[in-house]
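Reminder, nothing fancy here: chain letters follow the sequence lines and each chain counts from 1.
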Amino acid sequence: MSAYKSDFLQTLANRGFIQQISEPEALDALAAKGPITAYIGFDCTAASLHVGSLLPIMMLYWMQQTGHRPIALMGGGTTRVGDPSGKDESRRILTDETIAANLAGIRTVFTKFLKFGDGPTDALMANNADWLNTLNYIDFLRDVGRHFSVNRMLSFDSVKLRLERQQELSFLEFNYMILQAYDFVELHKRNGCVLQMGGSDQWGNIVNGIDLGRRMMNAQLFALTSPLITTSSGAKMGKTAAGAVWLDATLVSPYEYWQYWRNTEDGDVARFLKLFTVLPLGEIERLAALKGQDINEAKKVLATEATALVHGRAAADNAAETARRTFEQGETSLTLPSVDVPRKDVAAGLGVLNAFVTAGLAASNGEVRRAIANNAVAVNDARITSDKHTIGEADITPDGVIKLSLGKKQHVLLRPR
RNA sequence: GGGAGAGUGUCCCGAGCGGCAAAGGGGGCGGACUGUAAAUCCGCUGGCUAUGCCUUCGUAGGUUCGAGUCCUACCUCUCCCA
């Protein structure tokens, strides 16, 4: 691991965020001298960000922590045209209202990691719709387009692969890299931004921006990419049966979020602690040294720290405590996720199938039936073997709840009201 | 404008002689083993008021006792020619 003079690069390097830097020495010197401004682009096709976006957010976080100014760029303008790369569904074009709503949702996530404001190291949130929407095609071609060599654009991997595989590449998509390059230059012009960060797949696009900056304004700009994060077994991060692991508490509860991190594979624990928590490196080293069963301690720390960043310390501790009671003491913790249900329905006798579907543990009655056949269903920790089983008032525990379990890890409390 | 192909289970990829709720993967979920891990093995992976009924193979029609499969038109995409 090379030694950097700036806290910023040294921190990122130590924690495993760096894959590639365009001109490491020059950037290092600049960052050591004073605050620099950098940005990362996020698209806003969904109302929340998920775990996959966490890595770039953490880069912005560390940037601010080490005395620099981060910009979160929302792709409000590029989202308007829709992502052309998908087959048909992703071709849907979002309305301006949807985009605005998505932006608002995403903004709340950022405020948990970054301090926004007007100070020298306060974060900014920019929206490329601000300049892309008002672009004039002819002006754009003349001022920006002339700096791009089609010969060179064709040589980029993203393009080359498509051509080789004889897959279509639309003109719109071909232009995407130009728009992204332009974003960089525009941010440089407006905010003095000199660095763009992103995933390693963004390298080519970022370098384009650097080139454009040099040609248009004779500016020296930099690129920094992070490695693509997959789990040790090669799966992409952030996917479960229920879908993506969102950062919004209404989509994925803090408890579920905690559980996601708790179930990290052994081989990923040290890496994830460095990337997704803000614990000091010494502490992480200690945790990473744990072997065998002891590594579970490290996983709990990872889960709690990662959850605290997104949902706050109280929610994280709460989730940890709920998990401890549920898994280590076999108790029914009252802080498990719960679903209210009318008391008279329970009095009348609630079918297991119905109960599990309303609790959100299964999508259909058939799914519950199959789970029962797989010996995976329990009510108040008692195995259910018949799909005819009904839940009645007798099942309400002294705490006033009924515990539904699907498998060993998924629990939901029914609260008769 | 002319010609040749493609679109399959609402997570993805992909087989599919007129008898099809539709092969096989991946992913996911569950079970066993463990440590709430990995690896491995096993099961599940359209819906329902369920010995049956309903809905699914780009869209809409047609042929047929019966269509994912054959015919027609249309939509979308790819390739070749102009």
Side-chain angles (χ1 to χ4, degrees), chain A residues 46 50 52 82 84-93 161-173 230-245 255-273 287-288 290-304 306-307 319-331 333 336 349 351-354 356-357 359-378 381 383-388 390 404-412:
Chain A
H50 53 84
S85 58
K87 272 208 299 191
D88 39 43
E89 207 199 340
S90 57
R91 191 165 282 274
R92 66 172 189 266
I93 289 174
L161 287 174
R162 296 286 278 280
L163 294 178
E164 276 167 9
R165 277 183 290 169
Q166 305 204 319
Q167 281 178 344
E168 196 231 15
L169 178 72
S170 73
F171 184 64
L172 179 65
E173 201 168 4
T230 55
T231 65
S232 293
S233 34
K236 270 195 194 144
M237 286 199 58
K239 278 198 316 180
T240 67
V245 180
Y255 174 76
E256 293 169 288
Y257 191 78
W258 193 92
Q259 284 294 327
Y260 174 77
W261 292 104
R262 171 64 243 261
N263 287 312
T264 297
E265 296 171 29
D266 285 10
D268 293 326
V269 174
R271 201 157 48 106
F272 286 4
L273 278 168
L287 290 167
L290 296 173
K291 288 279 180 291
Q293 192 168 333
D294 291 339
I295 203 168
N296 282 324
E297 290 311 311
K299 290 186 190 180
K300 287 179 208 164
V301 174
L302 170 63
T304 304
T307 306
E321 178 59 15
T322 300
R324 195 183 64 77
R325 289 227 197 105
T326 307
F327 286 97
E328 291 174 28
Q329 299 185 350
E331 287 178 12
S333 171
L336 280 168
V352 248
L353 305 182
N354 190 356
F356 273 73
V357 172
L361 285 168
S364 68
N365 291 355
E367 206 169 290
V368 185
R369 284 199 179 91
R370 279 180 235 120
I372 291 174
N374 276 333
N375 199 28
V377 169
D381 297 316
R383 288 279 168 223
I384 300 303
T385 50
S386 160
D387 57 8
K388 298 280 194 291
T390 41
L404 305 182
S405 308
L406 178 69
K408 280 181 290 202
K409 295 187 194 173
Q410 302 179 56
H411 310 281
V412 169

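- A side-chain N or O of A:Thr304 and one of A:Trp258 form a donor-acceptor pair less than 3.5 Å apart.
- Annotation: B:rG66 and B:rG18 have their C1' atoms spaced 8 Å apart (nearest Å).
- How far CG of A:Asn296 is from CG of A:Leu302: 11.5 Å, rounded to the nearest 0.5 Å.
- Here the side chain of A:Lys409 is nearest to one of B:rU36, B:rG46, B:rU49, namely B:rU36.
- With distances taken from any side-chain atom of A:Glu265 to the nucleotides B:rA38, B:rG35, B:rG31, the minimum falls on B:rA38.
- Here the side chain of A:Asn365 is nearest to one of B:rU49, B:rA37, B:rG30, namely B:rU49.
- In the set B:rU34, B:rG46, B:rG30, B:rU34 carries the atom at the smallest distance from any side-chain atom of A:Lys408.
- Within the nucleic acid shown, A:Arg262 comes within 4.0 Å of at least one base atom, counting heavy atoms only.
- Judged by distance alone, with hydrogens and angles left aside, A:Asp266 brings a side-chain donor or acceptor within reach of the base of B:rG35, the pair sitting under 3.5 Å.
- Separating the P atom of B:rC71 from that of B:rG5 is a span of 12 Å, rounded to the nearest Å.
- Within the shown strands, B:rC42 is the pairing partner of B:rG30 under the Watson-Crick or G-U definition, both distances less than 3.5 Å.
- Spacing between B:rA38 and B:rA32 at atom C1', rounded to whole Å, works out to 16 Å.
- Contact annotation for A:Ala323: base contact, defined as any heavy-atom pair under 4.0 Å involving a base atom.
- Side-chain to base pairing of A:Gln259 with B:rU36: one donor and one acceptor N or O lie within less than 3.5 Å of each other.
- For the C1' atoms, the distance from B:rA21 to B:rC54 is 12 Å, rounded to whole Å.
- Taking CD of A:Glu367 as the start and CD1 of A:Ile372 as the end, the distance is 12.0 Å to the nearest 0.5 Å.
- When heavy atoms are screened at a 4.0 angstrom cut-off, A:Asn263 is found touching base atoms of the nucleic acid.
- Each of A:Val269, A:Asp268, A:Asn263 was scored for a side chain to side chain contact (heavy atoms under 4.5 Å, CB included) with A:Glu265, with one residue passing: A:Asp268.
- Among the nucleotides B:rC48, B:rA50, B:rU36, the one closest to any side-chain atom of A:Arg369 is B:rA50.
- At a threshold of 4.0 Å, the pair A:Lys300-A:Glu328 counts as salt-bridged, since one of the basic side-chain nitrogens sits closer than that to a carboxylate oxygen.
- Side-chain proximity of A:Arg370 to B:rG35, B:rU45, B:rA37: nearest is B:rU45.
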